[in-house]
Amino acid sequence: MLASSFSCARGALCALGSVTRSLLRYFNSTDNNLQYWGLDYPPLTAYHSFLCGHIAHLLNPDWVALNTSQGYESFQHKLFMRTTVLVADLIIYIPAVIVYCFCTREVSSKKRISSLCCILLYPGLILIDYGHFQYNSVSLGFALWGVIALSFEWDLLGSLAFSFALNYKQMELYHSLPFFCYLFGKCLKRGITGRGLFLLFKIGVTVIASFALCWIPFLTETGQMLQVLRRLFPVGRGLFEDKVANVWCSLSTLFKVKKVLSSESQLQLSFLCTLLSVLPSCIKLTMHPSVRGFKFALVNCALSFFLYSFQVHEKSILLVALPVSLIINDAPWISTWFLLVSTFSMLPLLLKDGLLLAYIITSLVFLLVSKSLLPAPANMSEDSLNLKPFCISVRRYLPWFRLPGYLIKLSFYTSLMGMASLTLASDILVPPLRFPDLFPVLVSSFSCVHFLVFLFYFNIIYFWHSSNESSKKRL
């Protein structure tokens, strides 16, 4: 598992000679087993893997030797792998987080430092990138640079940064609709036949040029380009794999969706549900583009994609965790709760990689730091949860309606107890022979219920927040 996680770098090196020849990494052959070390990410990942492979070859050729490196593991090799993740973090992700936190306007220095610590200590990204050996921080870092640029009205730079994110990992499609709607809404506000049309033209040229730059080596043959697209979007794998904490996997415990519906019907159903879930946020963002609304739309759309879209992986929840981290000053208590649950939802994957102890330690550190830097309000009220406008609207029709603060706080501690109990049970208890996946299913279903509630909450915040706040132009 550890060696295969870095296999893309090995395979890229084995092509030798040029980056163009490394494109064979998307094709199955005697020297390239797609099931073991095949590429299934966009071009920027291929180039990054190719670079890492060359560096590894300079340090120790055995790490990336064709065929013989399959299954190779050593302490030095793992250290090198983790170092490559750290270097990527230091170049792209960590600077973006620092700039975002310290460029936040109308926020005290204490809150800036608090948000910086909480974002950097988020256990989910640390465990997946440094334990599972991936580079999610690269695509997330590019996306964050895009958010920062748009926040300062550097629309072309923001478009360029997000295009790089999308060309590094195709899962950045989770964030694509808010980026599009925000920019298109700005064009509409400027006048679609005047300055707005010119801005739209410049953005379009920027996006097309950045995609062309990344894809040039892949465009020489139609068959080659189609093979890359098939690797990026493996529709044939079905509605979901493993035990992911989304609606379809959780629903399958009661209703076997994959057995009852055809593959085409599953694809259509997931598309329709995803569309219906993201449409309200996209429409509002297009009609009233604002930076604050943009960030909440990122949360709502990414979480909708995770819950309802086709072929979702457990670690895709990281794409929701990033925008939730960006609103941690707007909703500190709920955001912290979400980030804890998002890490817990990947527990089956973490257990496979032998990361239980690391999961427990990083989660406890994150919880303690968050509790000390972003303490929960003493009196959990509608106002402290940003739910007062919503509750006032409800009371127009239901005068008796009140939001019991103690019940919400009780729910939080019950949730923590549930996560702790399921973590302990998953590690020490043996499931019945009849239900070998009992604990992964319980983890995914438990997390899915949370995510549905969080989706409802974040939509409420976005749609009922006061108009004067939503019209702010900066971070």
Side-chain angles (χ1 to χ4, degrees), residues 85-126 129-130 135-162 164-165 168 172 175 178-179 182-183 289-299 302 318-336 338-339 342 362 365-376 386 458 461 465 468-475:
V85 177
L86 178 60
V87 170
D89 276 0
L90 291 173
I91 294 174
I92 298 174
Y93 182 71
I94 294 177
V97 173
I98 294 173
V99 170
Y100 175 82
C101 292
F102 284 92
C103 287
T104 303
R105 298 196 174 191
E106 299 182 10
V107 172
S108 64
S109 297
K110 181 179 179 181
K111 284 190 174 182
R112 291 175 180 177
I113 296 174
S114 299
S115 59
L116 175 67
C117 293
C118 291
I119 295 174
L120 292 180
L121 289 175
Y122 169 55
L125 186 59
I126 295 172
D129 275 15
Y130 288 88
Y135 301 90
N136 295 283
S137 60
V138 176
S139 58
L140 294 176
F142 278 131
L144 181 51
W145 279 116
V147 172
I148 294 169
L150 295 189
S151 300
F152 289 96
E153 299 186 2
W154 302 334
D155 299 326
L156 300 187
L157 285 176
S159 302
L160 180 66
F162 183 68
F164 285 154
Y168 193 89
E172 279 295 328
H175 300 149
F179 270 89
Y182 176 76
L183 289 169
S290 69
V291 173
R292 183 183 181 279
F294 172 52
K295 290 187 286 185
F296 273 92
L298 282 171
V299 174
L318 298 177
L319 293 154
V320 192
L322 174 68
V324 170
S325 299
L326 303 185
I327 61 170
I328 200 164
N329 283 321
D330 294 276
W333 193 63
I334 299 296
S335 296
T336 300
F338 175 90
L339 294 173
S342 67
T362 54
V365 170
F366 176 77
L367 178 60
L368 293 174
V369 171
S370 300
K371 186 175 176 59
S372 60
L373 297 179
L374 301 168
N386 299 312
F458 288 126
I461 298 300
H465 199 271
N468 62 323
E469 284 289 327
S470 63
S471 63
K472 287 180 179 177
K473 300 290 186 181
R474 291 284 188 265
L475 291 173

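Hydrogens, waters and symmetry mates are skipped; everything else that's a heavy atom, side chains included, is used. If you're wondering where the values come from, they're calculated on a predicted model, not measured in any experiment.
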Please give me the minimum heavy-atom distance between [X] and [Y], naming the atom from each residue.
X      : Y      : answer
His175 : Leu140 : CE1-CD2, 4.3 Å
Leu120 : Ile126 : O-CD1, 3.6 Å
Ser342 : Ala321 : OG-CB, 4.4 Å
Ala161 : Gly146 : CB-N, 3.6 Å
Cys118 : Phe366 : O-CE1, 3.3 Å

Notebook entry, point to check: After noting the C-alpha distance and the side-chain angles of Tyr182 and Val291, does the key distance pass the side-chain contact (heavy atoms from CB on, under 4.5 Å) rule?
Noted result: CA-CA 8 Å; Tyr182 176 76; Val291 173; 3.7 Å; yes
Say you draw a straight line from [atom1] of [X] to [atom2] of [Y]; how long is it, rounded to the nearest 0.5 Å?
X      : Y      : atom1 : atom2 : value
Leu125 : Leu318 : CG    : CG    : 6.0 Å
Ile328 : Leu339 : CD1   : CG    : 5.5 Å
Ile119 : Leu322 : CD1   : CG    : 8.0 Å
Ser335 : Phe458 : OG    : CZ    : 4.5 Å
Ile148 : Cys101 : CD1   : SG    : 8.5 Å
Leu373 : Lys110 : CG    : NZ    : 7.5 Å

Donor-acceptor contact present, side-chain [X] to main-chain [Y], <3.5 Å:
X      : Y      : value
Trp145 : Ile92  : yes
Asn386 : Asp330 : yes
Ser139 : Asn136 : yes

Next item on the list: Show the numbers, then the answer: is there a side-chain contact (heavy atoms from CB on, under 4.5 Å) between Phe338 and Val320?
Entry: CA-CA 10 Å; Phe338 175 90; Val320 192; 3.4 Å; yes
Contact check, side chains of [X] and [Y], non-hydrogen atoms, under 4.5 Å:
X      : Y      : result
Tyr130 : Asp89  : yes
Leu144 : Leu326 : yes
Leu298 : Val147 : yes

Note to self: Using the rule given for side-chain contact (heavy atoms from CB on, under 4.5 Å), can you reason through Trp333 versus Leu374, listing the C-alpha separation, both sets of side-chain angles and the distance that settles it, and then say yes or no?
What the structure shows: CA-CA 7 Å; Trp333 193 63; Leu374 301 168; over 6 Å; no
Next item on the list: Using distance alone, with no hydrogens and no angle criterion, decide if Asp129 and Tyr93 have a side-chain donor and acceptor under 3.5 Å apart.
Entry: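 No, no side-chain donor-acceptor pair sits under 3.5 Å.
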Checklist line | Parallel, tilted or perpendicular, as decided by the 30° and 60° cut-offs, for the rings of Phe179 and Phe162 | finding: parallel
